Enquirer: 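Got a structure here, written out as structure tokens. Questions coming.
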Amino acid sequence: KVYGKQKIYFADQEQLPAASDAELRGLDGEIAERSAQLQALQQSCRHMEAELKDLNSSMTTPEIANEIEALRKDCASYTEKLERIKSATNHVTPEEKEKVCREQQLYRREWRRRKRMATELLDAILEGYPKSKKQFFEEVGIETDEDHGVALPATT
């Protein structure tokens, strides 16, 4: 037969023996049976591929043994470090801790006071300055805490 520009050749079915209805039903049954077998095999194959993927992604026995050994060494070193800390006699006394806290508060107050004084002084200069605050800081070379990501520590 000619379909447009293509030619398709078919076998002459007149020369083939005609199949009876019983043979056709038998062949249909065989097709259905083979299709069911195919579905079962494909399902089994997918299941095995998933299991293979899980096994490939898991650790091997020597890798697990190495990991366990490394974790035991880490645990031993941390236990030893904990024992050293517990047995140390140079603990910080409450008086020393209070002294450090008072010094920190003093330095924090001084930082705030000096920052406030500098800000007031710069604001007074900027009142008569024709350019922006950013341009003034750039010309004079002033770097602020915010430029460096520094913030005043919170009060404890």
Side-chain angles (χ1 to χ4, degrees), residues 3-6 8-9 23-156:
Y3 290 105
K5 294 181 179 180
Q6 296 179 343
I8 298 178
Y9 295 93
E23 287 178 318
L24 290 175
R25 281 193 294 274
L27 290 174
D28 286 342
E30 190 177 332
I31 289 172
E33 183 181 317
R34 298 271 170 104
S35 295
Q37 286 177 349
L38 177 65
Q39 291 291 330
L41 289 173
Q42 286 176 336
Q43 180 67 25
S44 175
C45 184
R46 282 193 293 270
H47 177 69
M48 288 180 180
E49 285 176 347
E51 187 176 340
L52 177 65
K53 183 179 175 187
D54 288 343
L55 291 173
N56 284 338
S57 65
S58 64
M59 297 174 89
T60 63
T61 303
E63 289 173 341
I64 290 175
N66 290 340
E67 184 73 18
I68 289 172
E69 187 61 34
L71 290 172
R72 284 189 178 141
K73 286 179 183 176
D74 288 348
C75 185
S77 68
Y78 289 139
T79 304
E80 182 182 320
K81 186 176 179 180
L82 179 63
E83 290 302 319
R84 278 197 320 262
I85 291 171
K86 283 182 178 179
S87 66
T89 57
N90 60 352
H91 294 294
V92 177
T93 63
E95 295 83 23
E96 290 174 332
K97 182 179 176 185
E98 183 63 33
K99 179 183 173 199
V100 169
C101 288
R102 279 195 312 271
E103 286 178 1
Q104 188 206 23
Q105 287 175 348
L106 173 73
Y107 295 140
R108 189 174 44 238
R109 274 195 306 268
E110 189 65 23
W111 185 357
R112 281 196 177 109
R113 187 178 68 80
R114 290 182 182 194
K115 184 172 182 170
R116 183 176 29 83
M117 287 175 17
T119 303
E120 289 173 359
L121 180 67
L122 290 171
D123 287 342
I125 293 171
L126 285 169
E127 283 180 12
Y129 193 72
K131 296 180 183 172
S132 71
K133 181 177 184 178
K134 185 176 179 181
Q135 289 172 333
F136 174 70
F137 281 10
E138 225 173 85
E139 285 181 18
V140 178
I142 296 174
E143 295 176 352
T144 63
D145 294 338
E146 291 77 19
D147 290 342
H148 295 280
V150 177
L152 282 169
T155 306
T156 55

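A quick note: this is a predicted structure, and the numbers were derived from the prediction, not measured.
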Enquirer: Measuring from Glu103:CD to Glu98:CD, what's the distance to the nearest 0.5 Å?
Expert: 11.0 Å
Enquirer: Please determine if Lys99 and Glu96 form a salt bridge, counting it only when a charged side-chain N lies under 4.0 Å from a carboxylate O.
Expert: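 Judged by the 4.0 Å cut-off on N to carboxylate O distance, Lys99 and Glu96 do not form a salt bridge.
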Enquirer: Hey, what do you get for CG (Asp74) to NZ (Lys81), rounding to the nearest 0.5 Å?
Expert: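 With rounding to 0.5 Å, CG (Asp74) is 11.5 Å from NZ (Lys81).
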Enquirer: Under a 3.5 Å threshold, yes or no: a donor from one side chain and an acceptor from the other, between Thr144 and Asp147?
Expert: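 Yes - a donor-acceptor pair under 3.5 Å links their side chains.
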Enquirer: Using side-chain contact (heavy atoms from CB on, under 4.5 Å), reason through Arg109 and Leu106 one step at a time and then give a plain yes or no.
Expert: CA-CA 5 Å; Arg109 274 195 306 268; Leu106 173 73; 4.1 Å; yes
Enquirer: State the CZ-CG distance between Phe137 and Leu122, to the nearest 0.5 angstrom.
Expert: 4.5 Å
Enquirer: Would Glu146 and Lys115 pass as an ion pair if we require N to O under 4.0 Å?
Expert: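 Yes.
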Enquirer: Mind checking the CD1-CG spacing from Ile31 to Leu24? Nearest 0.5 Å is all I need.
Expert: 9.5 Å
Enquirer: Does Ala40 offer a backbone N or O that forms a donor-acceptor pair with the side chain of Ser44 under 3.5 Å?
Expert: no
Enquirer: Got a donor-acceptor contact below 3.5 angstrom from the Glu63 side chain to the Thr60 backbone?
Expert: yes
Enquirer: Any chance you could lay out the side-chain contact (heavy atoms from CB on, under 4.5 Å) test for Asp123 and Glu127, step after step, and finish with the verdict?
Expert: CA-CA 6 Å; Asp123 287 342; Glu127 283 180 12; 5.7 Å; no
Enquirer: Should we say atom CE of Met59 is surrounded by more than 12 heavy atoms from elsewhere, each under 6.0 Å from it?
Expert: yes
Enquirer: With rounding to the nearest 0.5 Å, note down the distance linking CD1 in Ile68 to SG in Cys75.
Expert: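 Spacing of CD1 (Ile68) from SG (Cys75) equals 13.0 Å.
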Enquirer: Find the distance between CZ (Phe136) and CD1 (Ile125) and round it off to the nearest 0.5 Å.
Expert: 4.5 Å
Enquirer: Which pairs with one or both residues in residues 45-54 pass side chain to side chain donor-acceptor pair (under 3.5 Å), sequence neighbours excluded?
Expert: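 Every pair satisfying side chain to side chain donor-acceptor pair (under 3.5 Å) with a residue in residues 45-54: Gln43-Arg46.
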